[in-house]
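For reference, the structure is listed below as structure tokens.
Model, not experiment: these values are computed from the prediction. Lettering follows sequence order; numbering is per chain, from 1.
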There are 2 protein chains.
Amino acid sequence: MVDHVLDVLKSCSLLSGLPEAALREVAPLARVRPFQANEVLYQRGEVQSALSVVGAGNVRIGSTNAEGREIMLTLFEPGAWFGDTVFSPGMPRVFGATAHTDGELVEVPGQDYRALLARYPEAYPRTLDMLSRRLWSAISIIEDNALRDMPGRVGRRLLFLAHMHDPQRGPGPVTFKLTREHIANMMGMTRQGVHGVLKALEQRGLIRFSYGRITVPDPDALKAYLDERTG
Amino acid sequence: MVDHVLDVLKSCSLLSGLPEAALREVAPLARVRPFQANEVLYQRGEVQSALSVVGAGNVRIGSTNAEGREIMLTLFEPGAWFGDTVFSPGMPRVFGATAHTDGELVEVPGQDYRALLARYPEAYPRTLDMLSRRLWSAISIIEDNALRDMPGRVGRRLLFLAHMHDPQRGPGPVTFKLTREHIANMMGMTRQGVHGVLKALEQRGLIRFSYGRITVPDPDALKAYLDERTG
DNA sequence: CTGAGACTGTCAACCGGTTTACAGTTGGCG
DNA sequence: CGCCAACTGTAAACCGGTTGACAGTCTCAG
């Protein structure tokens, strides 16, 4: 059991700055939390802080406004971490988390994680780096949303997801299990709007899509097309 | 001279976790860089990393796309810091910085800053907290942009700036020196669109504005109005 | 004081993307 | 194997916000 937790923690990039001995220390303190598709894991506004690592399955990060309109920020795969409030205890969560598929979460209580860092300060630089990169991503999204039109935004986000999906991926094709509606929620668009964009991209051979699935056959080609589209 | 640099460093929230002795160590390594209004301080894409603290004047953070359309992320006041790439050396800057008024920057070379943190590890938690809050802000902006209409977005951003301007402010009025165009650039809107929104907010008595100036007489009232507008 | 340049108000035309509506598919579950 | 719920395609009406254009106003440097 603890061995399994340890494996999950080891797979997490945020924790890879810590020596294995450190991970062994926290593993017993972590909680394994299995989840089913569409289960709400955390709600926006909660103040409790824990570091969550996706052990299996996919998790949607996003929030919903009063009228039920949803915005989805990103989709996390196994090994990803969230719950950035561990670094600012007391702050409410800005976004909620929902299970996208069945899977399992490994949760390290915020206090224990912070205590661990204090005991292994050599891990701090790596931690700052990870957080700073996440900020970088968020700012890129703001920029894309402000400066690009719909095809540009959708294309860029697909590339972003492709990169999250597998940072060291080669040039091969990537497939996402996302409905038109999920994409719409990621982009602040509608189902129909997304449809039009995808159709246009498909006609250029840059993507392929079918029921609940989108494939980018050649991410580099897509990137080249997008870069060319706005200089 | 070094005393002046020290004062600026002390005023910076990011560095306030460090003991004064530590700041005295880096002060001689920092560079003072005076600037004039509209001078370009850093450009998007540069990889050189330094921690910049605003010593005097205002700095716009933003970037420009190929067609010359600009997006402005925020406006920094004295004491604010930027150059988050110090935490991820080698990463290019996502946004550029431009002088909004005359003023002066204090720049600490990235290496020196990182070395200092390593020497005073007790400052790490505060540093993580600051970075994490900045991420929180960025995500809030993404959310606002996706979920709110123009009046909602403009209003929220004004409140955000009011808070940046003076985190411990009382309930009094706040005034910004921003043109309609600057606001438009912050929101991904046009000058004319902003005009309409401001007029609507003014008619409700929530803001007042004149040439190059916007005043929020009662931020709490504005907040209440915005919260009510979308539940 | 005065002029030039930056900022502002306003309006009609336009358009990208939403809304609304409905019919056709797909795939999983009983 | 067949049904139902979720997902998808399509098209017309609509609308918020941009585009473009121009005249008026303010500010500050000289």
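- The side chain to side chain contact (heavy atoms under 4.5 Å, CB included) test applied to A/D102 returns A/Q36, A/A37, not counting sequence neighbours.
- Within the structure, side chain to side chain donor-acceptor pair (under 3.5 Å) pairs that include any residue of residues 134-144 of chain B comprise A/R44-B/E143, A/S63-B/E143, B/D144-B/R148, B/D144-B/R156 (at least two apart or interchain).
- Among residues two or more places apart in sequence or in another chain, the side chain to side chain contact (heavy atoms under 4.5 Å, CB included) test is passed with B/S132 by A/F87, A/S88, A/L131.
- Considering only residues two or more places apart in sequence or on other chains, A/H195 meets the ring pair (Phe, Tyr, Trp, His ring centres under 6.0 Å) condition with none of them.
- D/dG17 atom P lies 14 Å from atom CZ of B/R148, rounded to whole Å.
- With sequence neighbours left out, B/T85 forms a side chain to side chain contact (heavy atoms under 4.5 Å, CB included) with B/S49, B/M91, B/R93.
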Residues 197-216 of chain A side chain polar contacts: donor-acceptor under 3.5 Å, at least two apart:
| from | atom 1 | to | atom 2 | distance (Å) |
| --- | --- | --- | --- | --- |
| A/R204 | NE | A/Y225 | OH | 3.1 |
| A/T215 | OG1 | A/T175 | OG1 | 3.1 |

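- Separating the NZ atom of A/K177 from the P atom of D/dA6 is a distance of 17 Å, rounded to the nearest angstrom.
- Atom SG in A/C12 sits 10.5 Å away from atom CZ in A/F82 (nearest 0.5 Å).
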Check nucleotides 7-11 of chain D against the protein and report each pair of N or O atoms closer than 3.5 Å, with its distance, or say if there are none.
| from | atom 1 | to | atom 2 | distance (Å) |
| --- | --- | --- | --- | --- |
| D/dC7 | O4' | A/Y211 | OH | 3.0 |
| D/dT8 | OP1 | A/R180 | NH2 | 3.1 |
| D/dT8 | OP1 | A/G212 | N | 2.9 |
| D/dT8 | OP2 | A/R180 | N | 3.1 |
| D/dG9 | OP2 | A/R180 | NH1 | 2.7 |
| D/dG9 | OP2 | A/H195 | ND1 | 2.9 |
| D/dG9 | N7 | A/R191 | NH1 | 3.4 |
| D/dG9 | O6 | A/R191 | NH2 | 2.9 |
| D/dT10 | OP2 | A/H195 | NE2 | 3.4 |
| D/dT10 | OP2 | A/K199 | NZ | 3.2 |

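- For B/E70, the side-chain hydrogen bond (donor to acceptor under 3.5 Å, both in side chains) criterion is met by no residue, not counting sequence neighbours.
- The strand DNA chain D forms stems, runs of 3 or more Watson-Crick or G-U wobble pairs with distances below 3.5 Å, at C:1-30 with D:1-30.
- Taking A/S16 as the reference, A/R126 meet the side chain to side chain contact (heavy atoms under 4.5 Å, CB included) condition, with sequence neighbours excluded.
- Distance, B/H100 NE2 to C/dA6 C1': 14 Å, rounded to whole Å.
- Scored by the salt bridge (Lys or Arg N to Asp or Glu O under 4.0 Å) test, B/R33 finds B/E107 as partners (sequence neighbours excluded).
- Here C/dT10 presents its P atom at 10 Å from CD of B/E202, a figure rounded to the nearest Å.
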For nucleotides 15-17 of chain C, give me every protein contact, N/O to N/O, under 3.5 Å, one pair per line with atom names.
| from | atom 1 | to | atom 2 | distance (Å) |
| --- | --- | --- | --- | --- |
| C/dG17 | OP1 | A/M150 | N | 3.4 |

